[in-house]
Amino acid sequence: MTRKPLAFIRTFGCQMNQRDTETIRGLLLEAGYGFTEHAEDADLVLFNTCCVRENPERKVYGQVGQLKEVKAGKPGMVIGICGCMPQQKEELTQMLERLPHVDLFFGTHNIHRLPGLLHKIYATGERIVEIWDEGGEPTEGLPALRESRFKAWVTIMYGCNNFCSYCIVPYVRGRERSRSPQDILREVEELADRGIKEITLLGQNVNSYGQDLKSELDFADLLEELNQVRGIRRIRFTTSHPKDISDKLILQLAQLDKVCEHLHLPVQAGSNDVLRRMNRGYSRERYLQLVERVRQHVPDISLTSDIMVGFPGETEADFADTLSLVEEVEYDSAFTFIYSPRKGTPAAKMPDQVPEEAKKERIYRLIDLQNRISLKRNQELVGHELEVLVEGTSKNDTQLLTGKTRTAKTVLFPGTEDLVGQLVNVGIREAQTWSLTGEIV
Ligand code: 5AD
Ligand code: SF4
């Protein structure tokens, strides 16, 4: 091949996966690849997959299936599947059978091996399957091709130890492994040097950061260290497990100037019986107390959540508890999910699986309630002046800029493209369910 080979990458799932894709792109760039937005034009097509629910898995089969013909007319094309799906043994076996035109399978723990694996494929022409069961020490120093010039994700820990009974993540991402504070600090300083203004610290459960390290430093201490990095203006983090939020962290949330007034605090359900069977490690009452404590210290905090309907055995009364909790907390917004049984998790084997119809009906009621609350919370901001990090022009109207407040709300306002990447103050004039509109002041 004399011209530069082109790669196409499709990413499914959470921010962790999106961050992994940035590493994959960095590795491919170093290996001499260019990138294309069209799978048909690519020499290498990669699917970075998610297995947290059934839907994204089905899409992978569909989209990879569609490439079969394309590849038939393009013999040199290499197709690979990576990320969380191949980490599940049964799923991998199924993919190997049902997707014979896929040349490469690798997992979440051996991304750094990609250049070598590709080399092997080109050298032998054989199908390569390499999945590691355990992550071991986090691999440092990998390149990354970041999506944004002014905001960046920074992974601070990998894996999860919680084993919520519905969740596949601990099985495919392994046990909790924290990066060293020195490595994280160095990365954030480098990002700041390159003009990055906002960082989002990533981990399945950032509140247990450092528990596997020898040092005494915990997540609240890490925030304090990072708050001192010059050039960084905003610090976000996700996801927080309610059972692990310390008072020390709440104080840091209130005190550290760069740490944004936003807490993503997935509740999952409002019924104590369901919470117990989910193995969440907190009760409805403890969760509500936590919310109260957080609001006492940071009154203007925006709270968001993940909420699930249709967990096995969820009765109408259990679901009513979820609705009443949502009403009580008044989240700024929430991701809502229909429970999806995952093979190998305890919940998949529980009796009384909820019928599809009931699940759908419940999620519509939940979304309806949350939308009303989101609108109300947004309306409370009309007349306020908020700091916005300008992210780009609006997709629907190029006269408008779009950006995010410290509380993670989307704001639309008239302005010119030179403001992209800047912090501006916007007076809020109107509120919608999903966004705010205003004018620069
Ligand atoms: N079914 C539906 N939703 C799930 N989540 C995790 N596992 C499942 C599942 N089996 C949701 C949880 C979690 C979010 C990332 O995905 O709400 O917080
Ligand atoms: Fe899954 Fe629970 Fe771990 Fe989140 S905390 S990744 S829901 S097991």
Side-chain angles (χ1 to χ4, degrees), residues 11-20 49-59 83-85 87-88 91 108 135 155-178 200 202-209 211-212 219 237-245 263-271 274-282 287 303-314 319 322 325-326 329 331 333-350 353-354 356 358-360 362-363 366-367 370:
T11 311
F12 295 85
C14 67
Q15 291 162 328
M16 200 62 92
N17 255 21
Q18 294 177 33
R19 177 63 190 82
D20 284 347
T49 61
C50 167
C51 60
V52 84
R53 281 171 294 275
E54 197 190 344
N55 241 343
E57 286 195 339
R58 246 191 261 132
K59 279 192 201 152
C84 293
M85 275 174 82
Q87 288 290 150
Q88 310 166 87
E91 194 66 53
T108 54
T155 307
I156 62 166
M157 60 190 303
Y158 300 87
C160 181
N161 289 354
N162 289 316
F163 291 93
C164 299
S165 63
Y166 51 80
C167 187
I168 192 79
V169 168
Y171 305 90
V172 296
R173 291 262 174 190
R175 294 297 67 69
E176 286 178 4
R177 292 160 334 267
S178 301
T200 303
L202 294 182
Q204 247 74 42
N205 177 15
V206 292
N207 305 111
S208 63
Y209 171 81
Q211 281 175 15
D212 58 318
F219 182 58
F237 54 88
T238 195
T239 289
S240 295
H241 196 305
K243 77 173 167 51
D244 294 319
I245 294 224
L263 190 59
H264 184 63
L265 199 60
V267 71
Q268 311 297 357
S271 139
V274 172
L275 285 171
R276 187 179 44 75
R277 285 185 299 110
M278 284 179 164
N279 192 29
R280 287 293 287 174
Y282 54 84
Y287 183 91
L303 285 174
T304 56
S305 197
D306 293 344
I307 310 168
M308 207 185 292
V309 303
F311 185 78
E314 183 188 71
F319 176 62
T322 294
L325 180 134
V326 166
V329 175
Y331 293 108
S333 67
F335 296 109
T336 52
F337 304 106
I338 288 182
Y339 167 72
S340 165
R342 305 282 69 205
K343 226 177 256 157
T345 62
K349 293 191 269 317
M350 287 181 186
Q353 298 282 328
V354 177
E356 266 331 288
K359 288 187 195 172
K360 280 201 187 126
R362 284 178 195 170
I363 201 165
L366 175 62
I367 291 171
Q370 181 53 50

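Nothing here was measured: the structure is a model prediction, and the numbers come from that model. Along the sequence shown, residues are numbered consecutively beginning with 1. Both counts, for ligands and for their atoms, begin at 1 and track the order of listing.
Contact record, Val172 with Gln87: O-CG, 3.5 Å, taken as the closest heavy-atom pair. Closest heavy-atom contact between Ile168 and Lys343: CD1-O, 3.5 Å. Across all their heavy atoms, Glu176 and Gly159 have their closest contact at CG-O, 3.9 Å.
Of all protein N, O or S atoms, those under 2.8 Å from atom 2 (Fe) of ligand 2 number 1.
Here Arg276 pairs with Asp273 under the salt bridge (charged side-chain N to carboxylate O under 4.0 Å, His left out) rule; sequence neighbours left out. For Pro56, the side-chain contact (heavy atoms from CB on, under 4.5 Å) partners are Phe12, Cys50, Arg53, not counting sequence neighbours.
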_salt bridge (charged side-chain N to carboxylate O under 4.0 Å, His left out) assessment of Arg342 paired with Glu91_ = CA-CA 11 Å; Arg342 305 282 69 205; Glu91 194 66 53; 5.8 Å; no
*Quick one: do Glu356 and Lys360 satisfy salt bridge (charged side-chain N to carboxylate O under 4.0 Å, His left out)? Show the steps, please.*
CA-CA 6 Å; Glu356 266 331 288; Lys360 280 201 187 126; 5.2 Å; no
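Taking every heavy atom of Tyr166 and a limit of under 4.0 angstrom, the matching atoms of ligand 2 come to 7 (S).
Pocket lining of ligand 1, defined as residues with a non-hydrogen atom under 4.0 Å away: Val52, Arg53, Tyr166, Gln268, Asp306, Met308, Phe337, Ile338, Tyr339, Ser340, Arg342.
Atom CZ of Phe163 has more than 12 neighbouring heavy atoms from other residues, nucleotides or ligands inside a 6.0 Å radius.
Gln370 CD to Ile307 CD1: the interatomic distance, rounded to the nearest 0.5 Å, is 6.0 Å.
When each of Lys359, Arg362, Gln353, Arg277 is tested with Glu314 by the rule side chain to side chain donor-acceptor pair (under 3.5 Å), just one qualifies, namely Arg362.
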